[in-house]
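All figures in this text were calculated on a predicted structure; none of them were measured in a lab.
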Amino acid sequence: MAHVVQSLDQPSNYKDSQSRYDRQKQADLLSRSTTLYIGNLSFYTTEEQIYELFSKCTSPEEGGGIKRIIMGLDRNTRTPCGFCFVEYYTHAEALASLRYISGTKLDERIIRCDLDLGYREGRQFGRGKSGGQVRDEHRADYDPGRGGWGAQAQRLEIERRREVEERYQDTQDGPGAVAGGGGEWKQVGNANEQTLKRGRSPDDDDNSRETRARTDGAE
């Protein structure tokens, strides 16, 4: 079965895409790494929740424990964007977390853990064009735990709405616009009903005078 089921305490295909180490150097660093990369987190998962879960694999009596947690942040808004780094004091603790915690649920999400080459300043920020993670840049599904629609889909929706608003504005201001009417009608009413009554015009006065004149002549 060893060739069918991959050992959970071995590094996966995950790697820092900006790392300049060759494969052999990376393997050497991972064999001694005390840092885990945690992915697929909800944007709403807190550092306290992460500490509580990942401290279950620590060995304080042997001088171990969690050294620090670095939350992944949106580069523009400085808000959580779905990943973090967990640094332990020992390599054995990192392997234990990789074995027992990766693939479990946190905030109703299946989280992913991988050994990391080691945290460096700047890696806490998302690398997507919109400031978040690259995976959320092109995501086409709706994921409420990760900000709703993907960044690209959100941009397309904003552009579509802008085009609709511009077309609507053109129909209001253009030569084919429908003029607003009803200016000469006054709304009158009482407590029981309301009716619409047209205001009198000079033509109405002239017609009234002609009618009265014909009436007087007939008498």
Could you please spell out the steps behind the salt bridge (Lys or Arg N to Asp or Glu O under 4.0 Å) verdict for Asp22 and Lys25? CA-CA 5 Å; Asp22 58 34; Lys25 180 64 173 177; over 6 Å; no

Verify side-chain contact (heavy atoms from CB on, under 4.5 Å) between Ile69 and Ile38, making sure each step is shown before the conclusion. CA-CA 10 Å; Ile69 295 173; Ile38 317 300; over 6 Å; no

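A pairwise comparison of heavy atoms in His91 and Leu115 identifies CE1-CD1, 4.3 Å as the closest pair. Of all the heavy atoms in Arg123 and Gly118, the pair that sits closest is NH1-O, 3.1 Å. In terms of heavy-atom proximity, Gln124 sits nearest to Ile70 at CB-CG2, 3.7 Å.
Going from atom CH2 of Trp149 over to atom CG of Asp136 covers 13.5 Å, rounded to the nearest 0.5 Å. Distance check, rounded to the nearest 0.5 Å: CZ of Arg32 to OG1 of Thr90 gives 14.5 Å. Distance check: Ile101 CD1 to Leu98 CG gives 9.5 Å after rounding to the nearest 0.5 Å. Distance check: Ile111 CD1 to Thr104 OG1 gives 4.5 Å after rounding to the nearest 0.5 Å.
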Please table the atom pairs, donor to acceptor, closer than 3.5 Å between any side-chain atom in residues 50-63 and protein atoms at least two apart or in another chain.
from	atom 1	to	atom 2	distance (Å)
Ser55	OG	Tyr51	O	2.8
Ser55	OG	Glu52	O	3.1
Thr58	OG1	Ser55	O	2.7

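Of the possible donor and acceptor atoms, none in the side chain of Arg99 sits under 3.5 Å from a partner among the backbone N and O of Ala94. Glu93 places a side-chain N or O within donor-acceptor distance of the main-chain N or O of Gly65, the cut-off being under 3.5 Å. A side-chain donor-acceptor contact under 3.5 Å links Arg109 to the backbone of Asn40. Distance alone, capped at 3.5 Å, places no donor-acceptor pair between the Ser33 side chain and the Leu117 backbone.
Residues passing the side-chain hydrogen bond (donor to acceptor under 3.5 Å, both in side chains) test with Arg23, sequence neighbours excluded: none. For Asp107, the side-chain hydrogen bond (donor to acceptor under 3.5 Å, both in side chains) partners at least two apart in sequence or on another chain are Thr45, Gln49. The side-chain contact (heavy atoms from CB on, under 4.5 Å) check on Phe83 picks up Tyr37, Cys81, Phe85, Gln133, with sequence neighbours excluded. For Tyr44, the side-chain contact (heavy atoms from CB on, under 4.5 Å) criterion is met by Ser42, not counting sequence neighbours.
In this structure, a donor-acceptor pair under 3.5 Å is present between the side chains of Thr79 and Thr77. Using modelled atom types and a 3.5 Å distance limit, the side chains of Tyr89 and Thr34 yield no donor-acceptor pair.
A continuous path of Ile, Leu, Val, Met, Phe, Trp and Tyr side chains, each step under 4.5 Å between heavy atoms, connects Leu36 with Met71, placing both in one hydrophobic cluster.
Here salt bridge (charged side-chain N to carboxylate O under 4.0 Å, His left out) pairs that include residues 67-78, with residues two or more places apart or in two chains, are Arg68-Glu87.
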